[in-house]
**Student:** 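One structure, as structure tokens, below. Some questions next.
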Amino acid sequence: MIQAPRGTFDILPEDAARRARLEGEAAAILGAAGYRRIETPTFEATELFARGVGEATDIVRKEMYSFDDGAGRSMTLRPEGTAPVCRAYIEHGMHKLPQPVKLWYLSSFFRAEAPQRGRYRQFWQIGAEAIGSAAPETDAELIVLLAEVLQAAGVGDVELHLSSLGTPEARVEYREELKRYLRAHEDRLSPEVRDRIDANPLRAFDAKDRATREVMQSAPTLLERLEGEDAEHFARVRALLDAAGLRYELDPSLVRGLDYYTRTLYSFESPRLGAQSEVGGGGRYDRLIEQLEGPPTPASGWAAGVERMLLATELAAAPPEPVDVFVAVADAAGTGAAFALAQDARRAGLSAQLELAGRSLKGQLRHADRIGARYVAIVGEDSHASLRDMSSGEQREVPRDAVIAAIKEAHP
RNA sequence: GUGGGCGUAGCUCAGCUGGUAGAGCUCCGGGUUGUGGUCCCGGCGGUCGGGGGUUCGAAUCCCCUCGCUCACCCCA
């Protein structure tokens, strides 16, 4: 049997209905804040991610689905949304629009990871990006919007972790300090952390290894080294969140695996999830546009995992569409008339379903009951139809061409 | 890539120490010679994940393999 590829899944009708609801909630919240929808291609030039996400990241090093497009160019199924949106911003000259340009998307992404609860190889994210503003208000607003989307999705009991990375220049000095500290305690670090001391020392804060964690407890943090405008920016973001009544925890160990982040950094964690507890997160990325050969442009944004939100919520599916009339056939002679009646009913604005499985009349009535049909019109060979009210059980003979009017009269 | 758990009908599962595959739900038909929701009867549906081995005999024991899943790692 051919199965869906490992780490992928089918979205069956019931699940699709839950997703449609989630999409509606997000569209309303983001739309009200002036964010407009954008969709970018499912695949992009590999170079976009190599440069945008960072050559040193796990995503680029081992998680991309890349392929040759047949003309010698390397393409990659998008592993994240920020770099493509920035590419579109640059390509369409959006720096000439009023800034910031506020965009949101709901798209699927692809990463070749080992699947587990809340982590898939094709997954969906809702994301929002505000490009062209360095203001701390932009970060705070984005965080508040993400909190609202999560709230509307039914993911209420989340914890917000907040940090700041400063600017890359400010980080250089700190990185050296951290490297010196790690080397001094090298013997107690896990092998993975030790191997990354030079490549990515900040990731040591992420380690789950016990001895490493103990070492990191007394490690110098970037948060305490923030100075000047970086410190002011962060203080302002915090003040705005405080004023908005949003609770958060300062988390100096918060480190994201994407290279493009600067300053503000955050994640929302849900205790209802397993090991993959992050439902959404993001931050500021003031250098990315420039790195992709656009004009120097500050920006900020986040992404939230659709599957993770759905795992952490009780959000019910939208109720199924009501069926005004089910057109049943009493004998084969009536099938043509039944077909026409169902179509006429739909043109008249009713929802109508037709018997399509060759069921017995008893079976047709049972089916009509299951799908919640309000009326059943039983069409036979003569020019009349039996119109049955399924809730009362009352049934009367009606001229076939008066069936629709009779239903509309009862349910205007 | 590494480790734990699990793979029996479309779904949820039973099948004890090996004896020749079962239930409930779903679906279809009938009871009502043209009529739903309850009830009754019947039917459709299974290479017991796959391969090999032990045995007179394997869903059951052994080995290998594949898949799913949770975790490490990483992240949404």
Side-chain angles (χ1 to χ4, degrees), chain A residues 1-9 12 53 57-63 79-82 105-127 146 149-150 155 158 190-193 195-196 200 203 206-209 254-258 266-270 273-282 301-312 326 328-334 355 357-382 385-395:
Chain A
M1 184 176 55
I2 299 173
Q3 296 176 291
R6 182 170 168 77
T8 69
F9 50 87
L12 302 178
V53 178
T57 61
D58 279 15
I59 290 177
V60 171
R61 272 168 43 206
K62 49 187 189 190
E63 296 174 0
E80 61 97 53
T82 300
Y105 55 81
L106 171 50
S107 327
S108 66
F109 300 94
F110 305 83
R111 291 182 201 169
E113 296 193 87
Q116 66 182 79
R117 182 176 166 80
R119 189 171 72 187
Y120 307 95
R121 291 184 168 180
Q122 179 180 5
F123 56 99
W124 275 254
Q125 288 185 341
I126 294 175
L146 177 50
V149 167
L150 293 173
V155 189
V158 285
S190 72
E192 301 82 52
V193 171
D195 290 345
R196 279 194 303 231
N200 203 339
R203 291 286 284 285
D206 242 0
K208 284 175 186 166
D209 172 72
L254 183 61
V255 176
R256 317 211 100 232
L258 292 82
Y266 48 94
S267 78
F268 284 84
E269 312 271 334
S270 169
L273 297 176
Q276 311 305 319
S277 59
E278 184 178 336
V279 285
W302 50 254
V306 169
E307 292 74 33
R308 291 188 186 176
M309 285 191 269
L310 292 175
L311 274 172
F326 181 83
V329 284
D331 55 74
E355 168 59 18
R359 273 178 277 255
S360 66
L361 189 59
K362 175 179 178 169
Q364 294 179 58
L365 268 292
R366 191 190 308 141
H367 181 65
D369 183 46
R370 284 183 188 140
I371 63 175
R374 285 209 269 255
Y375 287 91
V376 172
I378 304 168
V379 175
E381 50 189 335
D382 64 9
S386 304
L387 185 59
R388 184 177 182 82
D389 181 326
M390 292 298 277
S391 55
S392 67
E394 284 166 28
Q395 185 168 320

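In what follows, chains are A, B, ... by sequence order, proteins preceding strands, each numbered from 1.
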**Student:** For atom C1', what is the distance between A59(B) and C16(B), given to the nearest Å?
**Tutor:** 14 Å

**Student:** Counting only Watson-Crick pairs (N1-N3 plus N6-O4 or O6-N4) and G-U wobbles (N1-O2, O6-N3), all under 3.5 Å, who is the partner of C6(B)?
**Tutor:** G67(B)

**Student:** Is Arg370(A) close enough to C28(B) that one of its side-chain N or O atoms is under 4.0 Å from OP1 or OP2 there?
**Tutor:** yes

**Student:** Where each residue is assigned the nucleotide of RNA chain B containing its nearest heavy atom, which of Asp331(A) and Pro5(A) is assigned the position nearer the 5′ end?
**Tutor:** Asp331(A)

**Student:** Within the structure, does a side-chain N or O atom of Ser360(A) lie under 4.0 Å from either OP1 or OP2 of C28(B)?
**Tutor:** no

**Student:** For U38(B), what is the paired nucleotide under Watson-Crick or G-U wobble rules, both distances under 3.5 Å?
**Tutor:** none

**Student:** Considering only atom P, compute the distance from G22(B) to U54(B) and round it to an integer number of Å.
**Tutor:** 28 Å

**Student:** Judged by atom type as modelled, is there a donor-acceptor pair below 3.5 Å linking the side chain of Gln276(A) to the main-chain atoms of Glu278(A)?
**Tutor:** no

**Student:** Nearest heavy-atom pair of His367(A) and Phe326(A): which atoms, and what distance?
**Tutor:** CD2-CE1, 3.7 Å

**Student:** Please report the distance separating the P of U69(B) from the corresponding atom of G52(B), rounded so that it comes out in whole Å.
**Tutor:** 28 Å

**Student:** Determine, answering yes or no, if Phe123(A) is stacked on A76(B) under the 5.5 Å centre rule and the 30° plane rule.
**Tutor:** yes

**Student:** Output the single nucleotide from G29(B), U35(B), C74(B) whose closest atom is nearest the side chain of Asp58(A).
**Tutor:** C74(B)

**Student:** Between Gly380(A) and Ala114(A), just flag the one whose closest nucleotide in RNA chain B comes earlier from the 5' side.
**Tutor:** Ala114(A)

**Student:** Under 4.0 Å, heavy atoms only, any strand: does Arg308(A) hit a base, just the sugar-phosphate, or nothing?
**Tutor:** base

**Student:** At under 4.0 Å, does any side-chain N or O of Gln116(A) touch on OP1 or OP2 of A71(B)?
**Tutor:** yes

**Student:** Strictly by Watson-Crick or wobble contacts shorter than 3.5 Å, is anything paired with G1(B), and which nucleotide is it?
**Tutor:** C72(B)

**Student:** Does C16(B) have a Watson-Crick or wobble partner in any strand here, with both distances under 3.5 angstrom, and which is it?
**Tutor:** none

**Student:** Rounded to the nearest angstrom, tell me the gap between atom CD1 in Ile378(A) and atom P in U32(B).
**Tutor:** 19 Å

**Student:** Between atom CD in Glu63(A) and atom P in C74(B), what is the gap in whole Å?
**Tutor:** 10 Å

**Student:** Considering only U35(B), C74(B), C70(B), which nucleotide approaches the side chain of Arg117(A) most closely?
**Tutor:** C70(B)

**Student:** Give Gly127(A) one of three labels, base, sugar-phosphate or nothing, depending on what nucleic acid heavy atoms sit under 4.0 Å from its own.
**Tutor:** nothing

**Student:** Can you confirm whether more than 12 heavy atoms, excluding those of Gln116(A), are under 6.0 Å from its CD atom?
**Tutor:** yes

**Student:** Using whole Å, report how far CZ of Phe109(A) lies from P of C75(B).
**Tutor:** 16 Å

**Student:** Strictly distance-based, threshold 3.5 Å: is any side-chain N or O of Arg121(A) a donor or acceptor partner for the main-chain N or O of Pro115(A)?
**Tutor:** no

**Student:** By the 4.0 Å heavy-atom rule, please label Ala330(A) as base, sugar-phosphate, or nothing.
**Tutor:** base

**Student:** Under 30°, 30 to 60°, or over 60°: which ring-plane class applies to Phe123(A) and Phe109(A), parallel, tilted or perpendicular?
**Tutor:** tilted

**Student:** In this structure, how many angstroms lie between the C1' atom of G36(B) and the CZ atom of Arg366(A), rounded?
**Tutor:** 8 Å

**Student:** Please report the distance separating the C1' of A23(B) from the corresponding atom of G31(B), rounded so that it comes out in whole Å.
**Tutor:** 24 Å

**Student:** Where do Arg111(A) and Pro79(A) come nearest, in terms of heavy atoms and distance?
**Tutor:** NE-O, 2.8 Å

**Student:** Between A21(B) and G57(B), how far is it from one P atom to the other, in whole Å?
**Tutor:** 16 Å

**Student:** Base, sugar-phosphate or nothing for Glu80(A)? Non-hydrogen atoms, less than 4.0 Å.
**Tutor:** nothing

**Student:** If the C1' atom of U55(B) is compared with that of U60(B), how far apart are they to the nearest Å?
**Tutor:** 13 Å

**Student:** Would you kindly give the CG-to-C1' distance between Leu387(A) and G34(B), to the nearest whole Å?
**Tutor:** 16 Å

**Student:** Using atom P of each nucleotide, how far apart are U12(B) and C70(B) to the nearest Å?
**Tutor:** 15 Å

**Student:** Just the rounded figure in Å: distance from C1' of U2(B) to CD of Glu113(A).
**Tutor:** 16 Å

**Student:** Would you say the side chains of Gln122(A) and Thr8(A) form a donor-acceptor pair under 3.5 Å?
**Tutor:** no

**Student:** Looking only at N and O atoms, is any donor in the side chain of Arg119(A) or the base of C74(B) less than 3.5 Å from an acceptor on the other one?
**Tutor:** yes

**Student:** Give one of base, sugar-phosphate or nothing for Arg359(A), where a contact means two heavy atoms less than 4.0 Å apart.
**Tutor:** sugar-phosphate

**Student:** Using the C1' atoms only, state how far G45(B) lies from G51(B), rounded to an integer number of Å.
**Tutor:** 26 Å

**Student:** Among G36(B), A71(B), G34(B), find the nucleotide with the atom closest to the side chain of Ala275(A).
**Tutor:** A71(B)

**Student:** For Gln395(A), answer base if it contacts any base atom (sugar-phosphate contacts may also be present), sugar-phosphate if it contacts only those atoms, and nothing otherwise; contact means non-hydrogen atoms under 4.0 Å.
**Tutor:** base

**Student:** Looking for any heavy atom pair under 4.0 Å, which part of the strands does Tyr120(A) touch: base, sugar-phosphate only, or nothing?
**Tutor:** base

**Student:** Side-chain N or O of Arg6(A) versus OP1/OP2 of C68(B): is the shortest distance under 4.0 Å?
**Tutor:** yes

**Student:** Look only at the side chain of Arg388(A) and the backbone of Glu394(A), and say whether a donor-acceptor pair between them is shorter than 3.5 Å.
**Tutor:** no

**Student:** Looking at Lys362(A) and G31(B), is any side-chain donor or acceptor paired with a base atom of the opposite kind under 3.5 Å?
**Tutor:** yes

